[in-house]
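Worksheet for the structure shown next.
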Amino acid sequence: MLSFFRALRLLPVFLLMCTFDLCAQDMPVRVEAIRLLERANAVSRPNHLMPNHRLDVTFRAYGLDGTMQDGTANTIISGDIERYEWLFGSYHAISIHFPNKIVQDEYQPPPPETLELDALTPLLIGRFDKSDTIHSVSPATLFGRPARCIRFDTVNGRTRESNEICVDNERGNLVRWNVGEDLIENSDFSSFEGILLPAHIRHYINGKLRMEIEQKFSVIDGPIDWDTLTPPNPTTLGACKQYRRPIIQSAPQPATAGAGPWYNVQVHSVIGDDGHVHEPSVLAAGRDDLEKQAIKIVSAWVFSPGLCNGKPIPVAADLVVHFPPQ
């Protein structure tokens, strides 16, 4: 059911035929849950042209070994032009996305923490689909405010997850997302150009705090001088008028994985223009042995590379390795 602020899925059309779980649900409860999440989408997703604005983010990433590391990120948006800048440890990347090209500095593989940040900001949001079985909608109090919490199961193949999403009762915004191993808490909401967005985000994985985020939105007055914002020694990538994603040629899962349910490890990587997997990395979740195995496994996978205007190109990809339940 996941879907992010930058790319929301449409709510599926319900068919007359349905699964046992879907038909067995209390349909008024399901309708109420869908209404609440639809409202959360509506109050936190712009439905109008936004003025020139910027998003400034400071964040702290927590390692499982107790280490902490701070970083910053900022985004400038003007119509169909967007500029991104990340700074985290030795990683510093700048890119400007124009309608017909991308101007960026020399490519560096992004740390998993910056990919985590990108998924969480400005707000993770989603919709229910037929894989979700709604059980109840109950009152709660979160961050000192009345809320309503939706309890549901999500079925993916043989895997069933017990999940919960909570929304503010009065304002409708999403305040808590407890899906799978992820717990995300959004707080200190304020209105920016008519949409409600959180100033503070906390992300837990398997019950352990992994990232705290502070974000601030501001309108940019006057024209933007993109030349002064261009990275030093930039490279330019042309727009893809015809794009084909990478296609799997060989990607065997562990022989012990079976038909599921599974313990999944997500590997961030780049599928190179040679069709091989490069720069694999994992956001540690507490299973160092399986995470190292996952990196070794995907490093042997082979793809037909992605194509841009008929030419092979590197493509960032999240690859998933299945292990038996742990």
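Note that the structure is a prediction, hence the values are computed from the model and not measured.
Here the closest non-hydrogen pair linking Ile77 and Glu82 is CG1-CG, 4.0 Å. Taking all atoms of both residues into account, the shortest heavy-atom contact from Pro198 to Gln215 is O-NE2, 2.7 Å.
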* Apply side chain to side chain contact (heavy atoms under 4.5 Å, CB included) to Val282 and Val267, showing your working. => CA-CA 5 Å; Val282 170; Val267 181; 3.9 Å; yes
* Asked: Stepwise, does the side chain to side chain contact (heavy atoms under 4.5 Å, CB included) test hold for Val270 with Val277?
  -> CA-CA 6 Å; Val270 173; Val277 176; over 6 Å; no
* Between Asn178 and Ile165, is a side chain to side chain contact (heavy atoms under 4.5 Å, CB included) present by the stated rule, with each step listed? -> CA-CA 6 Å; Asn178 194 355; Ile165 290 174; over 6 Å; no
* To do: Start with the C-alpha distance between Asp132 and Lys130, add both sets of side-chain angles, then the distance that settles salt bridge (charged side-chain N to carboxylate O under 4.0 Å, His left out), and finish with yes or no.
  => CA-CA 5 Å; Asp132 302 310; Lys130 64 182 181 181; over 6 Å; no
* Trace of the side chain to side chain contact (heavy atoms under 4.5 Å, CB included) decision for Val219 with Asp221 -> CA-CA 6 Å; Val219 172; Asp221 294 321; 4.0 Å; yes
* Mind running side-chain hydrogen bond (donor to acceptor under 3.5 Å, both in side chains) on His92 and Glu85 for me, showing each step along the way? => CA-CA 7 Å; His92 186 199; Glu85 183 171 4; 2.7 Å; yes
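With hydrogens and angles disregarded, a donor-acceptor distance shorter than 3.5 Å links the side chain of Ser44 to the backbone of Leu196. Not one N or O on the side chain of Glu32 forms a donor-acceptor pair closer than 3.5 Å with the backbone of Val137.
Taking the side chain as every heavy atom from C-beta outward, Ile134 and Phe128 approach each other to under 4.5 Å. Put simply, the side chain of Leu183 does not reach to within 4.5 Å of the side chain of Trp177, judged on heavy atoms. You'll find the side chain of Glu116 reaches within 4.5 Å of the side chain of Met211, heavy atoms only. Counting heavy atoms from C-beta outward, Phe59 and Ile201 have side chains that stay 4.5 Å or more apart. No side-chain heavy atom of Gln104 sits under 4.5 Å from any side-chain heavy atom of Ile94. Looking at heavy atoms from C-beta onward, Val31 lies out of side-chain contact with Pro28 at the 4.5 angstrom threshold. Contact annotation: the side chain of Thr133 never approaches that of Arg30 to less than 4.5 Å [non-hydrogen atoms, C-beta and beyond]. Looking at Leu120 and Leu117, their side chains never come closer than 4.5 Å, going by heavy atoms from C-beta outward.
Here Tyr84 and Trp86 bring their ring centres to under 6.0 angstrom of each other. If you look at Phe192 and His53, their ring centroids are closer than 6.0 Å. With ring centers used as reference points, Tyr263 lies 6.0 Å or more from His322.
The pair Arg60-Asp70 counts as a salt bridge, with a side-chain nitrogen and a carboxylate oxygen less than 4.0 angstrom apart. Residues Arg127 and Asp129 are not paired through a salt bridge, judged by the lack of any N-O separation under 4.0 Å between the basic side chain and the carboxylate.
Each of Asn186, Thr121, Thr58 was scored for a side-chain contact (heavy atoms from CB on, under 4.5 Å) with Ile213, with one residue passing: Thr121.
More than 12 heavy atoms of other residues, nucleotides or ligands lie within 6.0 Å of CZ in Arg145, so this atom counts as buried by the packing criterion. By the 6.0 Å contact criterion, CD1 on Ile248 is open, its count of non-hydrogen atoms from other residues, nucleotides or ligands being 12 or less. In Gln249, the CD atom is crowded: over 12 heavy atoms of neighbouring residues, nucleotides or ligands sit closer than 6.0 Å. Atom CG of Asn233 has 12 or fewer heavy atoms from other residues, nucleotides or ligands within 6.0 Å.
The salt bridge (Lys or Arg N to Asp or Glu O under 4.0 Å) analysis of residues 197-212, with sequence neighbours excluded, yields the pairs Arg202-Glu212.
Both Ile34 and Ile150 are part of a single hydrophobic cluster, where members link through side-chain heavy atoms under 4.5 Å apart. Hydrophobic clustering, with ILVMFWY side chains joined whenever heavy atoms are under 4.5 angstrom apart, keeps Leu55 apart from Ile224. Leu283 and Leu290 fall into different hydrophobic clusters, defined by Ile, Leu, Val, Met, Phe, Trp and Tyr side-chain heavy atoms under 4.5 Å apart, directly or through other members. Residues Val321 and Ile295 fall within the same hydrophobic cluster, defined by Ile, Leu, Val, Met, Phe, Trp and Tyr side chains chained together at heavy-atom separations under 4.5 Å.
Scanning for salt bridge (charged side-chain N to carboxylate O under 4.0 Å, His left out) contacts around Glu164 gives Arg176, with sequence neighbours left out.
Ring geometry, Trp226 versus Phe98: the interplanar angle exceeds 60°, so the pair is classed perpendicular (tilted spans 30 to 60°).
Donor-acceptor pairing under 3.5 Å is recorded for the side chains of Tyr107 and Glu279.
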